[in-house]
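Have a look at the structure below before the remarks.
So that the names make sense, note that chain A is the first sequence line, chain B the second, and so on, each numbered from 1. All values below were derived from every heavy atom in this structure, side-chain atoms included, with hydrogens, water molecules and symmetry-related copies excluded.
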Amino acid sequence: MGRRNLSFLIGCALALGCSAPSKPAAPEIADLTPIPHDHPPIAALPDPELSGGHVGRAPRRISVAQLKASIQTTTGRQWSQIDKLAASLGSADYALVNAEATEPNLVFAKFLEDGAREVCLATAQADLAESNPDKRVLARDVAGNLADLRQLSEQTRRDNLIYLSTRFWGQPLAGAELDKWNASFKAFAERAEVAKKRREAWGALCIAFMTDPRFITY
Amino acid sequence: MSNPRISRRNFLQAAAGFAGTSLLGVTPFRAFAQASSLAAPDRCFVFLYFSGGFDVLLSLDPRDPKVFTPERVSETRILPGYSLLSTDASFPTDVVRPQRRDGAPEPAMTFGPAIGRLAEHYDKLAVVRGINMKTVAHEVGFRYFLTGKQPIASAARGSSTATEIVGQLKPAVPVPSIAYGIESYNDRYPGAANALRVSRANDLILALSPSATTLDADIEKQLVDLRGQSVTCESQLYDTRGLVSQYRQARSQMDDVLGSKLHKQFQLDFEANNAKDPAIDQRNMARAALRAQYNLPATGNVNYDSPAGRAALIAIALKQGISQCVSMNLVGGLDTHFGTQLTHATNQRAGWNAIADLVDDLRKSPHPAGGNFLDHTTMLAFSEFSRTPLINSSGGRDHHISSSALLIGAGIAHNTVFGSAGDINMAPGVVDRKTGQTDPSGVNILPEDVIATVLAAAGVDYSITRTSPLEGLLSG
């Protein structure tokens with residue numbers, strides 16, 4: 001028998017073997033006795049009141065690299081000074097300083113404020129020029145052109161705030177806190193329209209999100 | 001039956017509402033720093049770091065080259081190498097003996113050739129010699145000296161001494177502590193005790209300057225209001241370790257600092273004065289005097305990022321009542337494994353000369369509480385370790401475990417040498433803790449002993465060092 005014929009026969013046998021219906025096994029009566037195991041009991045999380053008011057690991061301030069990535073991810077643009085100021089923001093240079101500082105100190109707070117202002121106002125400006133809500137960063141829930149902000153409905157403002165809080169913090173605003181942010185958003189909008197500085201209403205909102213502790217801790 | 005107890009959630013909600021008013025307003029920093037004002041504190045501190053490991057043979061712990069000769073090197077394991085500086089005539093090639101100052105006692109100390117102009121101020125100095133650094137790793141050594149606690153591996157323990165001081169003393173100044181080019185730690189004090197930590201002078205000035213981008217005044221106010229609103233109970237729980245509070249305090253401190261326009265204090269550009277305003281004249285004269293004092297350019301831009309510029313920056317921070325503590329990476333370029341003696345000596349002398357200018361300035365400047373500023377300022381100059389007493393095959397010196405430090409000013413026993421390094425290989429000395437004299441049954445001097453002395457010199461609690469001060473170094 002030639003090698004080709006032999007291969008053909010083997011192939012046919014395998015195909016038949018694979019496709020032939022197997023005889024179903026007789027069902028076994030389920031054993032309802034718990035299976036013994038050696039896993040130790042799992043302790044519940046301790047009561048915060050019994051452990052100094054906290055559970056789990058302590059929150060941390062984000063590093064400079066994380067801040068840079070966060071700004072880029074949330075606004076789609078970068079703070080022009082971040083590399084220049086990285087050392088004072090806490091970045092290690094591995095020459096003189098070999099440990100990243102993540103203290104939320106005055107310098108970090110001030111420089112973040114500067115950075116948020118630069119990035120947020122530029123982002124707001126770009127949003128105002130964009131008619132497609134899906135391509136905007138801040139005003140995603142406002143349909144059509146960004147006209148008089150005083151005309152925004154209560155629901156639109158709230159939806160947009162929930163969207164932005166999720167975008168910046170990964171945590172939606174809710175309850176009384178949402179009411180407060182909504183009131184501030186409304187106040188920003190009213191003042192911005194009077195002063196003809198629509199960009200600043202969206203910019204201020206973005207600055208508030210970016211300089212909130214939830215943006216810089218994890 | 002209803003439960004009369006208040007639920008934890010309700011309690012936290014109520015507590016959060018209450019805490020929000022104090023946590024988020026301007027109260028916390030003010031509460032910590034009382035009412036901050038531009039008034040010099042009664043006691044100031046300066047921590048001066050020589051980065052890279054200084055060669056103490058060239059400055060704080062000299063050896064006579066006529067005694068420690070190359071011929072005896074196999075016996076002494078010490079080679080001062082002063083003759084290698086002879087290519088620069090500005091360096092002496094022998095041990096420096098300070099000239100007696102008018103009204104001051106005879107100098108009790110000698111220095112190496114790189115000490116520069118600081119030798120003139122011997123009557124305000126105390127030298128600590130033969131300190132056992134217990135490490136020859138850079139980051140371990142400087143963290144040890146910054147905190148007064150031996151690091152765990154290379155990780156710093158506890159707070160920086162400057163943080164400890166402002167945490168305890170709570171000075172009424174806008175920026176209690178500045179850390180320039182140097183690490184700073186805070187393990188137990190509120191955020192306002194954190195140092196304003198920068199890597200460059202420009203960043204310091206930028207941190208004190210208002211944001212370049214401003215919003216409409218009403219929108220700015222609404223933004224402040226939004227940030228100042230009360231927090232939720234969830235965020236209270238999230239902040240039980242205090243990180244968010246620290247950040248909020250830093251923001252509060254920022255508002256306080258920006259309101260004071262402190263950046264103007266560091267601007268040394270001359271103001272136009274067409275109207276012949278005497279106040280502007282006075283400010284311009286003060287700027288000219290400061291430039292002259294620190295050998296900065298008489299006109300034009302000032303580069304603070306030089307040893308002399310950094311010393312000038314310290315003087316402004318202290319004399320203008322901006323800070324109580326300044327920690328400064330004063331001079332670098334000292335890790336000269338391959339460099340020449342002359343390179344190291346030149347870099348090191350720049351640091352000592354800058355300190356000399358600062359000491360001279362503080363001696364001349366009256367303090368509002370009486371006496372001069374140096375009477376109210378304690379300074380510590382240190383490095384992470386020193387350099388080997390022998391020169392290596394590349395013409396440089398490697399890391400050496402025994403080091404020296406310099407104490408200057410208030411609370412310190414002046415014109416004092418405390419401790420000693422051995423005459424063989426400059427091994428850390430074993431001394432009597434009270435007198436600093438060599439004592440076979442004595443102990444090594446450690447960085448925490450020096451830090452305890454600095455704290456005790458100002459009456460600050462030194463218990464965090466878990467040692468006692470070196471009594472012979474304390475005045476009175």
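Remark: B:R188 engages B:E164 in a salt bridge, criterion side-chain N to carboxylate O under 4.0 Å. With respect to the salt-bridge test (charged N to carboxylate O, under 4.0 angstrom), the residues B:E220 and A:R117 qualify. We find that A:R157 and A:E154 are joined by a salt bridge, their nearest charged nitrogen and carboxylate oxygen being less than 4.0 Å apart.
Looking at B:Q222 and B:D218, their side chains never bring a donor and an acceptor atom within 3.5 Å of each other. Between the side chains of A:S63 and A:Q66, a donor-acceptor pair is found at a separation under 3.5 Å. Between the side chains of B:S160 and B:T147, no donor N or O sits under 3.5 Å from an acceptor N or O. Of the N and O atoms on the side chains of A:T156 and A:S153, at least one donor lies less than 3.5 Å from an acceptor on the other residue.
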Between B:I322 and B:F266, is the side-chain contact (heavy atoms from CB on, under 4.5 Å) condition met? List the steps. CA-CA 11 Å; B:I322 295 168; B:F266 293 97; 3.7 Å; yes

B:Q324 and B:V175: side-chain contact (heavy atoms from CB on, under 4.5 Å), yes or no, with the steps? CA-CA 8 Å; B:Q324 179 174 51; B:V175 185; over 6 Å; no

Working for salt bridge (charged side-chain N to carboxylate O under 4.0 Å, His left out), residues A:R158 and A:D179: CA-CA 8 Å; A:R158 285 177 175 270; A:D179 295 342; 2.6 Å; yes

Could you go through A:E118 and A:S80, starting from their C-alpha distance and side-chain angles, then the distance that decides it, and tell me whether this counts as side-chain contact (heavy atoms from CB on, under 4.5 Å)? CA-CA 8 Å; A:E118 179 198 306; A:S80 64; 3.0 Å; yes

Could you walk me through whether B:V166 and B:Y189 satisfy the side-chain contact (heavy atoms from CB on, under 4.5 Å) test, starting with their C-alpha distance in whole Å, then the side-chain angles of each, then the deciding distance to 0.1 Å, before giving a yes or no? CA-CA 9 Å; B:V166 298; B:Y189 288 103; over 6 Å; no

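B:A195 touches chain A through its backbone: at least one of N, CA, C or O sits under 4.5 Å from a heavy atom, while the side chain does not. Looking at B:D335, neither its backbone nor its side chain comes within 4.5 Å of chain A, counting heavy atoms on both sides. With a 4.5 Å cut-off on non-hydrogen atoms, B:L206 touches chain A through its backbone and its side chain both.
With a 4.5 Å cut-off on side-chain heavy atoms, B:Y304 and B:I205 count as touching.
Contacts between residues 206-218 of chain A and chain B, counted as heavy-atom pairs separated by less than 4.5 Å, involve A:I207, A:A208, A:T211, A:D212, A:P213, A:I216, A:T217, A:Y218. When the heavy atoms of residues 99-109 of chain A are compared with those of chain B, the residues falling under 4.5 Å are A:A99, A:A101, A:E103, A:P104, A:N105, A:L106, A:V107, A:F108, A:A109, listed by number. Contacts from residues 184-193 of chain A to chain B, taken as heavy-atom pairs separated by less than 4.5 Å, involve A:S184, A:A187, A:F188, A:R191, A:A192 in sequence order. Within residues 133-144 of chain A, no residue has any heavy atom under 4.5 Å from a heavy atom of chain B.
Atom OH of residue A:Y163 and atom CZ of residue A:F168 lie 9.0 Å apart, to the nearest 0.5 angstrom. Rounding to the nearest 0.5 angstrom, the gap separating the CZ atom in A:R199 from the CG atom in A:L121 is 4.5 Å. Summarising the geometry, atom CG belonging to A:L164 is positioned 9.0 Å from atom CG belonging to A:L173; distances are rounded to the nearest 0.5 Å. Rounding to the nearest 0.5 Å places CD1 of B:I165 at 11.5 Å from OG of B:S159. Taking CZ of A:R77 as the reference point, atom OG1 of A:T123 lies at 4.0 Å (rounded to 0.5 Å).
Of the residues listed (B:Y144, B:F54, B:F47), the one engaging B:F382 in a side-chain contact (heavy atoms from CB on, under 4.5 Å) is B:F47, and it is the only one.
Looking only at heavy-atom pairs under 4.5 Å with chain A, the residue among B:L196, B:L223, B:D216 that has the most is B:D216. With chain A as the partner, the residue from B:E183, B:R200, B:Q246, B:R251 showing the most heavy-atom pairs under 4.5 Å is B:R251. Taking A:D114, A:D93, A:L112, A:L89 one by one and counting their heavy-atom pairs under 4.5 Å with chain B, the maximum is reached by A:D114.
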